[in-house]
Number of protein chains: 2
Amino acid sequence: MGRPQRRRCRSGLHRVGCGTVSVEDVLTGLDGRRPAERIRQVAREVGYVPDIQAIGLRRQRTRLLGVVMARLTDYGLAAIYEGIERAAMRHGFHTMVTNSWDDPATRQAHVEMLLGRRVDAMIFGDAHVDGAFVDEFTAHGIPFVLVNRRAGDHPSVTCDDYAAGRLAAEHLFALGHRRVGVIAGLPYASNGIDRTAGFTDYFAERGHPVPSAAIVDASFDSAGGALATERLLERQPYPTGIFAVGDFAALGAVGTLRERGLYPGRDVAVVGFGDLPIAAQLTVPLTSVSSPLYEMGARSVDLLAALMRGEPAESLRLRPELRVRESSGSLLP
Amino acid sequence: MGRPQRRRCRSGLHRVGCGTVSVEDVLTGLDGRRPAERIRQVAREVGYVPDIQAIGLRRQRTRLLGVVMARLTDYGLAAIYEGIERAAMRHGFHTMVTNSWDDPATRQAHVEMLLGRRVDAMIFGDAHVDGAFVDEFTAHGIPFVLVNRRAGDHPSVTCDDYAAGRLAAEHLFALGHRRVGVIAGLPYASNGIDRTAGFTDYFAERGHPVPSAAIVDASFDSAGGALATERLLERQPYPTGIFAVGDFAALGAVGTLRERGLYPGRDVAVVGFGDLPIAAQLTVPLTSVSSPLYEMGARSVDLLAALMRGEPAESLRLRPELRVRESSGSLLP
DNA sequence: TTGTAAGCGTTATCAC
DNA sequence: GTGATAACGCTTACAA
């Protein structure tokens with residue numbers, strides 16, 4: 001064996017258990033140890049690493065999961081992905097994530113790439129409620145689950161977003177708010193839609209339906225929340241309670257309120273969703289509906305694994321919890 | 001050709017340009033279109049996608065970049081990764097990211113996996129200053145760059161963290177603060193180290209050295225910042241200015257201050273680093289040193305591409321900018 | 001047990 | 001040009 005430090009096994013080191021050339025080198029110096037161990041040691045020494053591509057090619061399965069997220073800079077999605085990565089490892093899978101930016105062309109390109117890599121299965125975190133893309137994807141015959149957002153009857157693991165909306169509504173209603181507004185998120189994302197529905201249903205049931213003009217769509221980031229809040233504050237009289245379907249949007253709302261000299265929890269109650277780690281640390285801590293992000297990711301892998309074993313796939317709705325803090329005014333005198 | 005909808009080309013569709021069985025099917029119905037286009041169309045119809053594994057195996061290069069980050073739930077790292085993903089695409093590369101959690105064993109396992117996939121090159125976003133792991137990695141002979149954190153003389157793209165620390169110091173000094181504290185980040189991460197060094201150097205040069213007890217290590221998250229602030233507030237008299245080397249830590253500091261009845265910008269000036277999108281939206285907007293995250297990611301890919309072309313690799317330090325807001329008290333009367 | 005050969009899907013080489 | 005063939009690194013089925 002020439003100079004070592006070749007990382008790729010171009011010769012026949014992989015056939016080391018049999019009797020190819022390199023066996024000579026490998027077994028030279030075999031000093032009583034069990035061959036298998038000695039082999040592993042030498043392999044390590046020369047920096048041999050099995051070629052996963054070759055293995056995948058030969059076995060026609062890769063144990064690779066493709067994961068498509070809207071954007072990993074969204075804390076929630078990144079947290080879900082961490083759950084996915086960990087659980088996948090537990091199941092003996094590797095994962096490959098990509099950002100689709102919620103853009104059809106980008107998603108298409110990335111999915112094609114993942115198909116080219118012959119992923120064994122897929123997890124979509126960016127489904128649109130209409131389910132158009134996902135429906136189409138079934139044609140590939142590759143098992144998949146949705147996470148974070150549901151679509152049609154496809155197996156999915158989500159937060160019980162409807163219940164989350166009701167929790168927020170119940171809280172604001174109990175505090176006496178009757179004139180409320182909703183920052184509703186993206187119109188094609190089931191999570192925002194369901195949270196909004198849960199919220200508005202609750203108020204409608206109590207005889208105080210939320211006027212549609214007080215429900216404004218917005219992106220999940222703080223800029224979207226800020227903008228939406230400006231719209232809400234145009235109403236006369238303005239709402240005394242705001243439910244934002246995402247914490248970043250809620251913080252955007254806080255920003256706009258501050259600009260108008262209004263304080264969250266004093267002038268306007270603000271409830272967010274997601275319970276970001278920083279929510280509790282803010283100067284005015286944010287009341288938020290918490291959702292088990294990490295678990296959501298992990299459970300989606302479990303569901304996928306079941307599906308791949310041919311077991312029936314039951315969609316999962318994980319339970320949200322309300323975390324009451326000062327931004328909804330409930331702790332102030 | 002039998003029923004379509006087989007996603008994998010098990011037969012000979014790939015040899016369609018030559019004269020294998022399937023050519024028949026492919027060329028049947030050729031109605032004047034240029035063959036190449038017709039082929040592409042049929043390929044699309046049957047759902048044919050080239051096998052990237054096979055290509056990689058044959059060509060001995062994958063155009064795949066391995067990316068190792070500490071945690072993608074860290075906004076900065078996720079943003080850097082987005083820059084990497086986009087730039088990689090521009091260069092004709094795909095990327096595969098993994099979370100190392102700054103844990104040697106996890107990092108080792110993930111790197112081995114990436115080597116097994118025969119990545120053409122690597123980007124490490126989680127290097128330790130001592131450079132131990134990275135030094136070792138050079139043995140593989142695979143080109144790589146560091147991003148976000150530097151180590152030794154290895155090519156890296158980072159924020160000019162030392163300058164960032166000086167910016168923060170200059171600002172607090174100009175506001176009249178002389179008794180300051182630093183929440184210094186992880187002791188093995190160059191970015192925190194450099195920011196701290198820049199900050200303390202500035203104060204030392206002005207004749208007001210920061211006592212070492214007023215420099216406390218902490219994780220970059222808000223819990224770390226909260227804890228560190230408790231330590232800082234034990235000092236008598238407590239510091240009137242705090243520089244946290246990360247915004248999340250800064251928000252943690254804000255949380256602890258609030259618990260003690262101290263208000264950021266009034267009782268204690270707080271300066272963060274990273275300029276999170278929400279920094280400007282908070283009830284008390286956060287003064288922060290901004291760093292070009294997306295660009296950092298993109299430039300690291302450019303640097304890597306140059307390196308792979310055999311060009312000499314010059315490390316890059318991108319310029320930070322100070323964003324003054326109310327948490328440092330500078331805008332209050 | 002140990003060894004051999006075929007084949008996964010692609011590309012590169014060489015002969016026609 | 002066009003068409004056949006070997007090879008990439010691995011697994012697996014089968015033969016010795």
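The chains referred to below are lettered A, B, ... by the order of the sequence lines, with proteins before strands, and numbering in each begins at 1. Only a predicted model underlies this, so the values are computations on that prediction, with no experimental measurement involved.
- Close to C:dA12, at under 4.0 Å from its OP1 or OP2, lies no side-chain N or O of B:Q60.
- When the P atom of D:dG9 is taken as reference, atom OH of A:Y48 falls 10 Å away, rounded to whole Å.
- Remark: C1' of D:dT12 and CZ of A:R59 are 9 Å apart, rounded to the nearest angstrom.
- Within 6.0 Å of CZ on A:R107 lie more than 12 heavy atoms contributed by other residues, nucleotides or ligands.
- Using a 4.0 Å cut-off between a side-chain N of Lys or Arg and a carboxylate O of Asp or Glu, A:R118 and B:D51 qualify as a salt bridge.
- Going from atom CD1 of B:I55 over to atom P of C:dT11 covers 5 Å, rounded to whole Å.
- Per the geometry, CG belonging to B:D120 stands 15 Å off C1' belonging to D:dC8, to the nearest Å.
- The side chain of A:L57 has C:dC8 as its nearest neighbour among C:dC8, D:dC10, C:dT10.
- Regarding A:I52, its CD1 atom lies at a distance of 11 Å from the P atom of D:dT11, rounded to whole Å.
- Atom CZ in A:R58 sits about 9 Å away from atom P in D:dT11, given to the nearest Å.
- Under the 4.0 Å criterion applied to side-chain N and carboxylate O atoms, A:D126 and A:R149 are not assigned as salt-bridge partners.
- In summary, the aromatic rings of A:F124 and A:H154 are positioned with their centroids too far apart to meet the 6.0 Å limit.
- Atom CG of B:D51 is separated from atom P of D:dC10 by 16 Å (rounded to the nearest Å).
- Candidate nucleotides D:dC8, D:dC10, D:dT12 were compared by shortest atom distance to the side chain of A:A54, and D:dC10 ranks first.
- Per the geometry, CZ belonging to B:R118 stands 20 Å off P belonging to C:dG9, to the nearest Å.
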